[in-house]
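What follows is a single structure, written as structure tokens, with notes after it.
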Amino acid sequence: MPVISTPHAFNEGQLYVDLRPIFGRSLYLKCEGFNFAGSIKLKAAIEMVETAERDGLLTPDSVLIESSSGNLGVALSMIAASKGYRFLCVTDSRCNLSTRLLMEALGSEVHVIADLDANGGFLGARIDYVRALCDSDERYVWLSQYTNPGNWGAHYRRTAPEIASQFPRLDVLFVGAGTTGTLMGCARYFREWHRPVRIVAVDTVGSVAFGGKPGRRMIPGLGMSMRPPLLDESYVDEVVRVEEADTIRACHRLARRGFLFGGSTGTVVSGAMEWLARHERPGLTAVAVAPDLGERYLDTIYQTTWLEDLYGDGILDLGEDGDGGPAAGPGGSSAESESEEVTAGSRGADRMSRAPGRRRKS
């Protein structure tokens with residue numbers, strides 16, 4: 001039996017759900033929520049913190065600071081509590097209440113950005129706040145998940161090899177796109193593998209990570225209001241965009257069968273099923289990455305009042321398959337080449353250009 005002394009020492013990496021009985025198409029869902037941080041972000045958090053420690057950037061009097069929409073903030077809160085660091089998470093009003101309370105329960109400070117920035121969004125304001133604190137006090141250490149190579153390196157070294165060991169005949173991998181750390185790590189690994197693997201990025205409608213028109217996004221986890229600095233599209237074979245309504249329907253369809261997953265997972269599953277409906281062939285081996293579980297979304301995507309206020313009374317109506325599944329609609333999921341805010345703006349990439357993990361002082 002496993003016996004651990006630190007919470008980040010445990011992370012179940014080999015649990016998959018076969019979705020064929022639920023959706024009627026063959027897809028293996030890699031569950032990344034079975035650790036004490038509750039999400040895949042634990043891997044990147046460990047990698048970035050331990051690299052900063054090895055490089056001498058973190059000292060006992062350091063204060064970790066990060067901009068996060070939720071899951072990375074929880075992972076860093078857990079690690080900071082275990083290692084004895086202070087941690088400040090800068091988030092915004094779209095962060096789930098349960099996520100904020102969890103970070104505070106772990107001893108972290110949470111600063112919520114409530115006012116929109118000049119672009120009509122939150123990400124720029126969050127990063128400005130982080131930079132101002134780093135410039136004012138050299139104790140603050142910003143790991144910068146948006147630019148830190150440890151973000152994708154963790155998945156190159158851990159997530160992708162875990163998948164490869166279980167699926168040596170893998171044909172297609174579906175990965176959600178936020179900061180694109182998971183996407184880039186897995187894509188780089190499988191580019192070097194013994195057989196070609198099609199990498200399909202799943203993004204949410206309204207995100208501009210891969211270009212396209214910005215729009216309202218209410219579910220945290222996937223999507224960006226700017227091009228992710230880590231993204232290299234040469235490693236991505238295809239992008240599928242998913243409407244939030246389809247994300248919600250996929251989550252509820254899974255929940256009806258006893259699997260409570262988060263919004264990011266609903267997005268990935270919806271996009272993967274739409275892609276498989278167009279491309280599935282006998283013997284195709286497909287895997288999708290499920291970033292987290294659903295408990296932190298009980299007051300949002302699993303709360304009827306919240307859903308109806310934002311998406312209307314018919315949001316949970318049955319889909320085209322008659323079982324409430326993700327129904328492809330106009331602009332719903334379209335094939336083309338951890339959400340940071342609701343509306344988009346192109347300004348902000350330069351704000352992340354400094355090296356990650358560096359102490360800053362004016």
Side-chain angles (χ1 to χ4, degrees), residues 7-17 27-50 66 68-79 89 95-96 99 102-103 143 145-146 148-166 173-190 199-204 209 219-224 228 230-231 247 251 254 259-269 271-272 287-297 338-340:
H8 49 280
F10 173 77
N11 192 355
E12 174 57 59
Q14 295 294 5
L15 178 63
Y16 295 82
V17 177
L27 178 68
Y28 296 100
L29 189 62
K30 187 180 194 300
C31 301
E32 289 283 349
F34 290 96
N35 56 61
F36 284 95
S39 82
I40 196 171
K41 288 292 188 177
L42 177 60
K43 291 176 176 175
I46 293 171
E47 182 84 13
M48 293 189 294
V49 168
E50 293 186 347
E66 186 57 78
S68 170
S69 62
N71 283 337
L72 182 68
V74 172
L76 288 173
S77 293
M78 188 193 77
I79 293 170
C89 180
C95 179
N96 295 326
T99 300
L102 179 54
M103 288 188 280
L143 299 175
Q145 63 167 322
Y146 311 103
N148 195 317
N151 188 350
W152 67 262
H155 304 290
Y156 178 88
R157 285 181 278 277
R158 295 192 59 184
T159 307
E162 289 169 356
I163 296 169
S165 69
Q166 296 297 311
L173 179 65
F174 300 94
V175 186
T179 64
T180 67
T182 307
L183 174 65
M184 287 292 96
C186 290
R188 283 185 165 90
Y189 179 90
F190 284 110
I199 301 297
V200 180
V202 183
D203 200 6
T204 183
I219 302 173
L222 295 183
M224 286 281 280
L230 295 176
L231 176 62
T247 292
C251 286
L254 286 161
F259 293 106
L260 194 72
F261 284 104
S264 298
T265 299
T267 302
V268 173
V269 169
V287 172
V289 178
D292 61 2
L293 302 178
E295 291 91 339
R296 294 171 196 171
Y297 300 82
E338 203 161 65
S339 172
E340 289 301 331

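Here the structure is a predicted model, which is why all the values come from computation and not from measurement.
The two residues Leu260 and Glu295 come nearest to each other via the heavy atoms CD2-N, 4.0 Å. What you find for Asp203 and Ala209 is that their closest heavy atoms are OD2-CB, 3.7 Å. Residues Asn71 and Ser39 come closest through the heavy atom pair CB-OG, 3.4 Å. Nearest heavy-atom pair across Val287 and Lys30 is CG1-CB, 4.5 Å. The shortest non-hydrogen separation linking Asp292 to Gly38 is CB-O, 3.6 Å. The two residues Cys89 and Gly73 make their nearest non-hydrogen contact at SG-CA, 4.0 Å.
Between Val175 and Val268 there is no side-chain heavy-atom pair separated by less than 4.5 Å. At least one side-chain heavy atom of Ile40 sits less than 4.5 Å from a side-chain heavy atom of His155. Looking only at side-chain heavy atoms (C-beta outward), Thr182 and Pro291 stay at 4.5 Å or farther from each other. No side-chain heavy atom of Ser77 sits less than 4.5 Å from a side-chain heavy atom of Leu102. Side-chain contact between Met48 and Leu72: present, with at least one pair of heavy atoms (C-beta onward) separated by less than 4.5 Å. Taking 4.5 Å as the limit, some side-chain heavy atom of Ile219 sits within range of a side-chain heavy atom of Thr247. In this structure the side chain of Val269 never reaches within 4.5 angstrom of the side chain of Phe261, judged on heavy atoms. Taking 4.5 Å as the limit, some side-chain heavy atom of Asn96 sits within range of a side-chain heavy atom of Pro220.
Counting only distance, with no hydrogens or angles, the side chain of Asn11 and the backbone of Asn35 share no donor-acceptor pair below 3.5 Å. In this structure a side-chain-to-backbone donor-acceptor pair under 3.5 Å is present from Gln14 to Glu162.
Ring orientation note: the planes of Tyr156 and Trp152 are nearly perpendicular, at an angle over 60° on the 30°/60° scale.
Here Thr180 contributes atom OG1 and Asn151 contributes atom CG; the two are 7.5 Å apart, rounded to the nearest 0.5 Å. Rounding to the nearest 0.5 Å gives a distance of 6.5 Å between CZ of Phe174 and CG of Leu27. Residue Cys186 holds its SG atom at 5.0 Å from CD1 of Ile163, rounded to the nearest 0.5 Å. Put simply, CE on Met78 and NE2 on His8 are 7.0 Å apart, with the number rounded to the nearest 0.5 Å. If you take CD on Glu32 and CD on Glu12, they are separated by 9.5 Å, rounding to the nearest 0.5 Å. We find the CG-CG distance between Leu231 and Leu183 to be 7.0 Å, quoted to the nearest 0.5 Å.
Within 6.0 Å of atom OH in Tyr28, 12 or fewer heavy atoms from other residues, nucleotides or ligands are found, so the atom counts as exposed in its surroundings.
Checked for salt-bridge contact, Arg158 and Glu47 miss the test: no charged N lies under 4.0 Å from a carboxylate O.
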